[in-house]
S.K.: 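The structure follows.
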There are 2 protein chains.
Amino acid sequence: MKDKTDLLQGTLDMLILRALVTGPMHGFAIMNRIHQTSESALQVEQGSLYPALYRMEAQGWIHAEWGVSENNRRAKYYTLTEAGRRQLGVESENWNRMCKAINLVMDFPV
Amino acid sequence: MKDKTDLLQGTLDMLILRALVTGPMHGFAIMNRIHQTSESALQVEQGSLYPALYRMEAQGWIHAEWGVSENNRRAKYYTLTEAGRRQLGVESENWNRMCKAINLVMDFPV
DNA sequence: CGGTTTACCTAGATTATCTAGGTGAATCAA
DNA sequence: TTGATTCACCTAGATAATCTAGGTAAACCG
């Protein structure tokens with residue numbers, strides 16, 4: 001059974017890219033950022049996050065660099081690349097189109 | 001690679017249930033209805049539709065009955081059950097919550 | 001020095017949807 | 001009357017995204 005906080009499939013990459021628009025961030029912080037800005041409605045699991053980051057780095061959308069976190073832990077900082085910014089545009093547009101389409105169906109007069 | 005008309009995962013049942021609010025319909029008509037009301041933005045594939053209908057009937061959300069279509073073909077007409085109407089409410093609420101949550105993240109100030 | 005938090009990682013399961021095949025009956029044009 | 005097209009249904013297997021459930025190690029705190 002799907003949990004209430006499960007993500008809508010296909011939106012994770014977009015959310016991560018969007019989080020990185022405000023500047024480089026490490027994985028753990030991205031997770032928290034998404035949780036907080038969604039007012040706790042979204043909870044990205046670590047088992048989803050890290051493979052996604054790995055995949056997106058391979059795609060060239062983000063760039064990773066080891067550093068030290070604000071809590072003095074070693075952390076991998078991710079930066080949005082130019083390709084990542086373009087990808088965010090594509091995914092964001094797609095999301096808006098889908099949202100609109102679904103709402104057209106949902107709001108169709110009875 | 002995901003196609004532009006691919007559905008957002010998790011929304012198919014909701015769309016089908018919603019289509020049936022206007023009255024009983026056969027599978028093929030449900031497919032076309034979703035395509036049309038979404039202004040061609042959504043295209044449910046038959047290989048997604050029929051298994052979904054089967055699954056939803058097993059869940060008790062819809063009820064099937066053989067009949068004859070407006071084109072004089074044999075067709076299976078689906079009707080929304082009371083449980084299906086409740087399920088639509090649940091899924092619809094969940095969709096709105098998710099949409100809002102994602103848009104909170106997407107619209108977060110830079 | 002033991003527990004908690006931070007931060008990362010991975011294998012395998014789950015599940016939804018799509019791809020790509022198929023059937024058969026009705027309609028329509030040649 | 002026959003061949004092509006449309007309607008309507010069905011299914012097996014592939015694909016892919018996310019989650020579950022495990023794990024490591026270092027830093028901090030009492």
Side-chain angles (χ1 to χ4, degrees), chain A residues 1-17 24-36 42-59 61-62 64-78 91 94-95 98 102, chain B residues 1-17 19 24-35 42-59 61-62 64-78 91 94-95 98 102:
Chain A
M1 183 66 75
K2 277 185 56 144
D3 194 53
K4 293 186 310 297
T5 56
D6 272 14
L7 294 183
L8 272 171
Q9 300 249 143
T11 59
L12 178 55
D13 291 5
M14 179 180 78
L15 292 170
I16 292 174
L17 291 171
M25 231 183 295
H26 56 78
F28 205 77
I30 295 174
M31 204 181 72
N32 291 332
R33 168 65 66 91
I34 292 175
H35 187 68
Q36 282 158 17
L42 304 179
Q43 178 62 59
V44 180
E45 301 301 329
Q46 299 198 2
S48 314
L49 176 72
Y50 292 111
L53 288 170
Y54 187 83
R55 196 177 60 237
M56 292 164 72
E57 193 190 0
Q59 295 276 346
W61 299 338
I62 57 180
E65 215 163 312
W66 283 102
V68 178
S69 79
E70 58 277 20
N71 290 306
N72 201 31
R73 261 89 165 187
R74 97 191 212 291
K76 219 188 230 173
Y77 279 85
Y78 290 94
E91 298 208 15
N94 198 48
W95 162 254
M98 279 300 179
I102 289 174
Chain B
M1 182 67 74
K2 278 187 56 146
D3 193 54
K4 294 186 308 298
T5 56
D6 271 15
L7 294 183
L8 273 171
Q9 300 249 142
T11 59
L12 178 56
D13 292 5
M14 178 178 79
L15 292 170
I16 292 174
L17 291 171
M25 232 184 293
H26 55 78
F28 205 77
I30 293 173
M31 204 180 73
N32 291 331
R33 168 66 67 91
I34 292 175
H35 187 69
L42 304 179
Q43 178 63 59
V44 180
E45 301 301 328
Q46 299 198 2
S48 313
L49 177 72
Y50 291 111
L53 288 170
Y54 187 82
R55 196 177 59 237
M56 292 165 73
E57 193 190 358
Q59 294 275 347
W61 298 339
I62 56 180
E65 215 162 311
W66 282 102
V68 177
S69 79
E70 58 276 21
N71 291 305
N72 201 31
R73 260 89 165 186
R74 98 191 213 292
K76 218 189 230 174
Y77 279 84
Y78 290 94
E91 299 208 13
N94 198 49
W95 162 254
M98 279 300 178
I102 289 174

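The chains referred to below are lettered A, B, ... by the order of the sequence lines, with proteins before strands, and numbering in each begins at 1.
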S.K.: Rounded to the nearest Å, what distance is computed from the CD1 atom of residue A:Ile16 to the P atom of nucleotide C:dC8?
M.R.: 12 Å
S.K.: What's the CD-P distance between B:Gln46 and C:dA20, to the nearest Å?
M.R.: 14 Å
S.K.: Just the rounded figure in Å: distance from P of C:dT15 to CG of A:Leu8.
M.R.: 17 Å
S.K.: What nucleic acid atoms does B:Gly47 come within less than 4.0 Å of, heavy atoms only: base, sugar-phosphate, or nothing?
M.R.: base
S.K.: Using atom CG of B:Leu49 as one end and atom P of D:dC7 as the other, report the distance to the nearest whole Å.
M.R.: 15 Å
S.K.: Given the rule in the side-chain contact (heavy atoms from CB on, under 4.5 Å) test, do B:Met14 and A:Ile102 qualify, once you have shown the distances and angles that lead to the verdict?
M.R.: CA-CA 10 Å; B:Met14 178 178 79; A:Ile102 289 174; 3.8 Å; yes
S.K.: Nearest whole Å is fine: how far is D:dA26 C1' from A:Trp66 CH2?
M.R.: 12 Å
S.K.: Within a strict 4.5 Å, meaning less than it, do heavy atoms of the B:Leu8 and A:Gln9 side chains meet?
M.R.: no
S.K.: How many whole angstroms separate atom CD1 of B:Ile34 from atom P of C:dC18?
M.R.: 11 Å
S.K.: How many whole angstroms separate atom CE of A:Met25 from atom P of C:dT6?
M.R.: 16 Å
S.K.: Mark yes when over 12 heavy atoms from residues, nucleotides or ligands other than A:Glu65 sit less than 6.0 Å from its CD; otherwise mark no.
M.R.: no
S.K.: Can you tell me the distance, in whole Å, between the CZ atom of B:Arg73 and the C1' atom of C:dT23?
M.R.: 14 Å
